[in-house]
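Notes for the one structure printed next.
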Amino acid sequence: METALRDDALTAVPAGFELRLGLPWIRSMPLSSVAGLAVEVDSVPVAAGLVSVVLGARRVPADALQAESGWWFIQDRLVLAVPHGISAGVHTIAVDFTLMVPYLQAPSGSALVLPFHVEARLAVRPAVVPGISRDVA
């Protein structure tokens, strides 16, 4: 999970900020398996309705990912967009979500659902830094 929020994950954009989240799991997963995305900046929660996911040229509300047919590949970054500004400097960023693992069963017999919490102190970058990872599209 230590690569879920890399040093270059937080970017200021004209419409607010974007956060690039790596998949903290051992295999690629369908986007429909992601639920409950929640973002905090310096211990202040971002209102759930404000977080969207950038999928190529589209913005999808975070709570609508279950209807998406795409995949979150382990080398890619899921781009979370928040439409309010962020001050320059270093911030403590936390992301919580659940991941439904369709190929593993919980003791109840249903698909295994795992909670994730990733947190890092990140400096705001003025632009996306090209890297080896791609954004989920």
Side-chain angles (χ1 to χ4, degrees):
M1 279 206 303
E2 53 194 52
T3 61
L5 289 174
R6 297 186 319 204
D7 289 343
D8 62 352
L10 183 59
T11 307
V13 295
F17 70 89
E18 292 180 346
L19 184 64
R20 285 173 168 72
L21 178 67
L23 180 61
W25 187 243
I26 58 173
R27 292 188 177 162
S28 300
M29 297 296 292
L31 287 172
S32 61
S33 68
V34 180
L37 273 166
V39 177
E40 286 186 3
V41 178
D42 297 325
S43 300
V44 177
V46 173
L50 292 181
V51 179
S52 61
V53 177
V54 180
L55 299 174
R58 299 184 304 129
R59 285 184 185 250
V60 175
D63 61 359
L65 281 179
Q66 291 77 30
E68 291 295 318
S69 61
W71 282 78
W72 185 359
F73 296 105
I74 58 173
Q75 72 274 16
D76 293 347
R77 301 290 169 205
L78 190 66
V79 180
L80 308 181
V82 178
H84 65 68
I86 191 165
S87 62
V90 177
H91 298 274
T92 300
I93 304 295
V95 180
D96 289 285
F97 65 97
T98 59
L99 190 63
M100 189 264 305
V101 184
Y103 52 85
L104 293 178
Q105 283 190 349
S108 65
S110 62
L112 181 65
V113 177
L114 300 172
F116 285 94
H117 173 84
V118 294
E119 187 171 323
R121 298 237 341 123
L122 300 171
V124 176
R125 306 275 177 169
V128 175
V129 178
I132 58 171
S133 299
R134 297 178 339 153
D135 294 342
V136 174

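Only a predicted model underlies this, so the values are computations on that prediction, with no experimental measurement involved. The residues of the chain are indexed from 1 along the displayed sequence.
- In the hydrophobic cluster analysis, where Ile, Leu, Val, Met, Phe, Trp and Tyr join through side-chain heavy atoms closer than 4.5 angstrom, Leu31 is grouped together with Ile26.
- Under the ring pair (Phe, Tyr, Trp, His ring centres under 6.0 Å) criterion, no residue pair touches residues 30-56, with sequence neighbours excluded.
- Residues satisfying the side-chain contact (heavy atoms from CB on, under 4.5 Å) test with Ala15, not counting sequence neighbours, are none.
- A search for side-chain contact (heavy atoms from CB on, under 4.5 Å) contacts involving Glu119 returns Thr92, Ala94, His117, not counting sequence neighbours.
- Members clustered with Val113: Met100, by chain and number, using a 4.5 Å side-chain heavy-atom cutoff among hydrophobic residues.
- Put simply, Val44 and Leu5 are part of two different groups of oily side chains (I, L, V, M, F, W, Y) that touch within less than 4.5 Å, one to the next.
- Pairs engaging residues 10-63 under the ring pair (Phe, Tyr, Trp, His ring centres under 6.0 Å) rule: Phe17-His84 [sequence neighbours left out].
- Contact between Val53 and Ala62 at its shortest, heavy atoms only, is CG2-CA, 4.1 Å.
- Under the side-chain hydrogen bond (donor to acceptor under 3.5 Å, both in side chains) criterion, the residue pairs touching residues 33-44 are Asp42-His91, with sequence neighbours excluded.
- In this view, Asp7 satisfies the side-chain hydrogen bond (donor to acceptor under 3.5 Å, both in side chains) rule with no residue, not counting sequence neighbours.
- For residues 49-69, the set of pairs meeting the salt bridge (charged side-chain N to carboxylate O under 4.0 Å, His left out) definition, not counting sequence neighbours, comprises Glu18-Arg59, Arg58-Glu68.
- A pairwise comparison of heavy atoms in Leu23 and Ser28 identifies CD2-CA, 4.0 Å as the closest pair.
- When all heavy atoms are compared, the tightest approach of Ile86 to Leu10 is CD1-CD2, 3.9 Å.
- Screening residues 26-63 for ring pair (Phe, Tyr, Trp, His ring centres under 6.0 Å) gives no qualifying pairs among residues at least two apart or on separate chains.
- The side-chain contact (heavy atoms from CB on, under 4.5 Å) check on Val90 picks up Arg121, Ala123, with sequence neighbours excluded.
- The side-chain contact (heavy atoms from CB on, under 4.5 Å) search around Ser110 returns Ala106, Ser108, not counting sequence neighbours.
- Atom OG1 of Thr98 sits about 9.0 Å away from atom CG of Leu114, to the nearest 0.5 Å.
- Remark: Arg27 pairs with no residue by the salt bridge (charged side-chain N to carboxylate O under 4.0 Å, His left out) rule, at least two apart or across chains.
- Between Met29 and Val101, the shortest heavy-atom contact is CE-CA, 3.7 Å.
- Contact detail for Ser87 and Val124: the closest heavy-atom pair is O-CG2, 3.4 Å.
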